Chemist: 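One structure is given below, represented as structure tokens, and several questions about it will come after.
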Amino acid sequence: MQDKDTNISQNTDSYLKYVNDWEQKIGSFLEFDIERTKGFSKLEGPLAGIPFGVKDNFAVEGFDITCGSKILKGVAAPYTATSVAKLQDAGAVVVGKTNLDAFGMGSSTDNSAFKVTNNPWDTERVAGGSSGGSAAAVAAGLVPFALGSDTGGSVRQPASFCGVYGFKPTYGVVSRYGLTAYASSLDVVGVIAGTVEMTRTVFDIMKGQDIKDNTSVKHPGSRNNGDVKKIAVLKVEDGSLSKDVEDSYSKSIKRLEKLGFEINYIDLPSFEYVVPVYYTIATAEASANLARYNGLRYGYRSKNGNNPGEIMQSSRDEGFGDEVKLRILLGTYVLRSGFQDQFYHKAQKIRTAMRNEFDKIFELVDLIMMPVFPTAAFKHGSTDLDPFQQKVADLYTCAANLTGLPAFAVPSSIENGLPVGVQFTAPAFEEDRLFNIAEVLEAEFPSQSVEGVKNWSKV
Ligand code: GLN
């Protein structure tokens with residue numbers, strides 16, 4: 001739907017005022033400028049004139065790329081990520097870069113070096129993370145969609161906290177050229193949007209093999225036209241979900257039953273290992289990927305130090321935040337000489353076993369349903385969930401990254417004034433099944449908007 005009020009090109013001033021008013025409350029963008037990259041977008045195409053936000057760990061020529069970290073403050077992106085360029089070719093316009101946990105490390109966006117992002121539903125709460133800026137911007141109606149990266153849930157979890165759609169494709173299906181690496185065997189480009197149709201359209205435009213990303217693959221298409229009949233529902237142990245999420249999960253199950261899907265309850269024994277395996281692999285890869293930020297080539301350079309070694313040490317010490325340092329240390333620890341078998345290689349073996357477990361289940365069902373996160377949006381600071389508990393809570397989202405499978409977080413209900421989502425996982429390359437189930441559920445329960453939200457359409 002598009003009315004005069006919500007067409008930016010006819011109403012730039014009121015759009016900018018709208019953005020400004022919401023930004024005072026939520027702080028979702030690190031940079032915002034609707035004119036800056038307009039010249040890079042085609043004037044026609046399926047997304048002609050549609051504004052979008054891009055997480056600040058993607059390169060977009062015209063904007064900086066800080067990854068939410070002081071170590072990259074003021075660094076201008078020298079080129080544009082393939083995913084973003086494809087959307088510009090389809091007519092969409094980047095209006096700004098969204099806030100994130102530094103380098104994608106976190107579940108709250110509180111680990112950004114630059115600003116706090118609040119949840120539009122309750123500004124005392126986090127928008128989730130690490131793509132919290134993207135989710136908050138979409139939920140507040142500042143943009144119809146935004147890009148995020150998902151290494152362990154960073155698109156799905158904030159989408160769920162903000163009441164919008166959060167989509168993670170099969171590993172390799174969308175080019176990562178121009179996306180800053182966190183953990184390369186887990187990272188994917190994902191979409192956050194207000195509707196299933198928008199999510200599907202954006203994904204369809206972005207997917208495809210890219211000569212500039214040798215981990216990218218050609219999408220072979222769905223094997224069964226995306227048909228969904230049988231759904232496995234993960235049994236969740238008593239007490240592992242908050243009351244709100246438990247209630248919401250039951251509502252989703254009832255909705256599926258009412259719609260006539262065949263439901264099978266399942267256990268996933270490997271879930272016990274998901275979090276330790278994820279944090280072993282993610283930190284090991286992060287410690288290698290972040291070695292390039294040395295204060296010498298680009299980005300923040302410390303004034304302390306008399307030789308390159310000392311300058312490098314103090315630049316990293318002053319430029320990285322605590323969470324990033326913790327993860328580099330952990331990664332270095334699990335990779336240290338003589339110990340790879342004990343940690344990293346063992347984690348890789350469990351990872352393979354997990355994928356086999358999922359594949360077995362998919363011989364019997366079309367999709368697996370599970371929660372997104374054990375709680376709704378939590379409060380800033382460590383009062384609700386401390387940083388360790390936040391990591392433990394990643395178990396439902398990390399599984400899709402470890403297995404490489406596509407997953408979709410869709411709005412499920414509003415509980416005590418906060419949105420809660422539910423997650424579907426499909427076999428590799430079966431994104432169509434995810435869109436199809438989400439469309440059926442959207443007809444029953446569409447994404448809800450918090451008061452005062454308008455949907456702006458075109459720039
Ligand atoms: N919460 C996860 C982490 O902190 C998610 C990261 C992500 O997907 N970028 O690692």
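Note: hydrogens, waters and symmetry copies are ignored here, and every other heavy atom, side chains too, is used. Since we're looking at a predicted model, the values are computed, not measured. Just so you know, ligand 1 is whichever comes first in the structure, and atom 1 is the first atom listed for that ligand.
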Chemist: Inspect the contact between Asp247 and Lys251 and indicate whether a charged nitrogen and a carboxylate oxygen are less than 4.0 angstrom apart.
Modeler: no

Chemist: Quick one: look at Arg327 and ligand 1, take heavy-atom pairs under 4.0 Å, and tell me if it's side chain, backbone, both or neither.
Modeler: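 For Arg327, the contact with ligand 1 is made by the side chain alone.
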
Chemist: Does the N or O separation between Met105 and ligand 1 drop below 3.5 Å for any pair?
Modeler: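 For ligand 1, there is no N or O atom that lies under 3.5 Å from one belonging to Met105.
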
Chemist: Can you sort out which atoms of ligand 1 are near Ser130, meaning under 4.0 Å from one of its heavy atoms?
Modeler: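 Atoms satisfying the 4.0 Å criterion: 9 (N).
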
Chemist: With a 4.5 Å heavy-atom cut-off, do Val202 and Phe52 have their side chains touching?
Modeler: no

Chemist: If the condition is side-chain contact (heavy atoms from CB on, under 4.5 Å), which residues does Glu31 pass it with, not counting sequence neighbours?
Modeler: Arg36, Phe63, Asp64, Lys97

Chemist: Among Thr109, Thr123, Asp101, whose side chain to side chain contact (heavy atoms under 4.5 Å, CB included) with Thr117 holds?
Modeler: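 The option that passes is Thr109.
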
Chemist: Numbering the atoms of ligand 1 from 1, which are under 4.0 Å from a heavy atom of Ser107?
Modeler: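 Matching atoms, with element in brackets: 1 (N).
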
Chemist: Between the candidates Gly106, Gly148, Gly104, which shows the shortest non-hydrogen contact distance to atom 4 (O) of ligand 1?
Modeler: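 Comparing heavy atoms across Gly106, Gly148, Gly104, the nearest one to atom 4 (O) of ligand 1 lies in Gly106.
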
Chemist: Using a strict threshold of under 4.0 Å (side-chain N to carboxylate O), is an ion pair present between Glu430 and Arg223?
Modeler: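 A salt bridge is present here (some side-chain N lies under 4.0 Å from a carboxylate O).
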
Chemist: Counting non-hydrogen protein atoms only, what is the nearest one to atom 2 (C) of ligand 1? Give residue, atom name and distance.
Modeler: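 Result: Asp394 OD2, 3.2 Å.
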
Chemist: Apply the side chain to side chain contact (heavy atoms under 4.5 Å, CB included) test between Ser28 and each candidate in Asn99, Val138, Leu142; give the one that qualifies.
Modeler: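 Answer after filtering Asn99, Val138, Leu142: Leu142.
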
Chemist: Can you sort out which atoms of ligand 1 are near Asp150, meaning under 4.0 Å from one of its heavy atoms?
Modeler: 8 (O)

Chemist: So is Gln157 close enough to ligand 1, meaning a heavy atom under 4.0 angstrom away?
Modeler: no

Chemist: My understanding is that only residues two or more places apart in sequence, or in another chain, count here; which of them pass ring-ring contact (aromatic ring centres under 6.0 Å, His included) with Tyr278?
Modeler: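 In terms of ring-ring contact (aromatic ring centres under 6.0 Å, His included), with neighbours along the sequence ignored, Tyr278 is linked to no residue.
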
Chemist: Do any nitrogen or oxygen atoms of Ser149 lie less than 3.5 angstrom from nitrogen or oxygen atoms of ligand 1?
Modeler: no

Chemist: Heavy-atom contacts under 4.0 Å between Phe373 and ligand 1: side chain, backbone, both, or neither?
Modeler: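 Phe373 to ligand 1: no contact under 4.0 Å from either part.
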
Chemist: What is the ring orientation for Tyr333 with Phe343, classed by angle as parallel under 30°, tilted 30 to 60°, or perpendicular over 60°?
Modeler: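 Taking Phe343 first and then Tyr333, their aromatic rings sit tilted (interplane angle of 30° to 60°).
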
Chemist: Nearest non-hydrogen contact with atom 7 (C) of ligand 1 belongs to which option: Gly190, Ala286, Ala393, Ser154?
Modeler: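 Selected option, by shortest heavy-atom distance: Ser154.
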
Chemist: Where is the nearest protein heavy atom to atom 10 (O) of ligand 1: which residue, which atom, and how far?
Modeler: Tyr278 OH, 2.6 Å

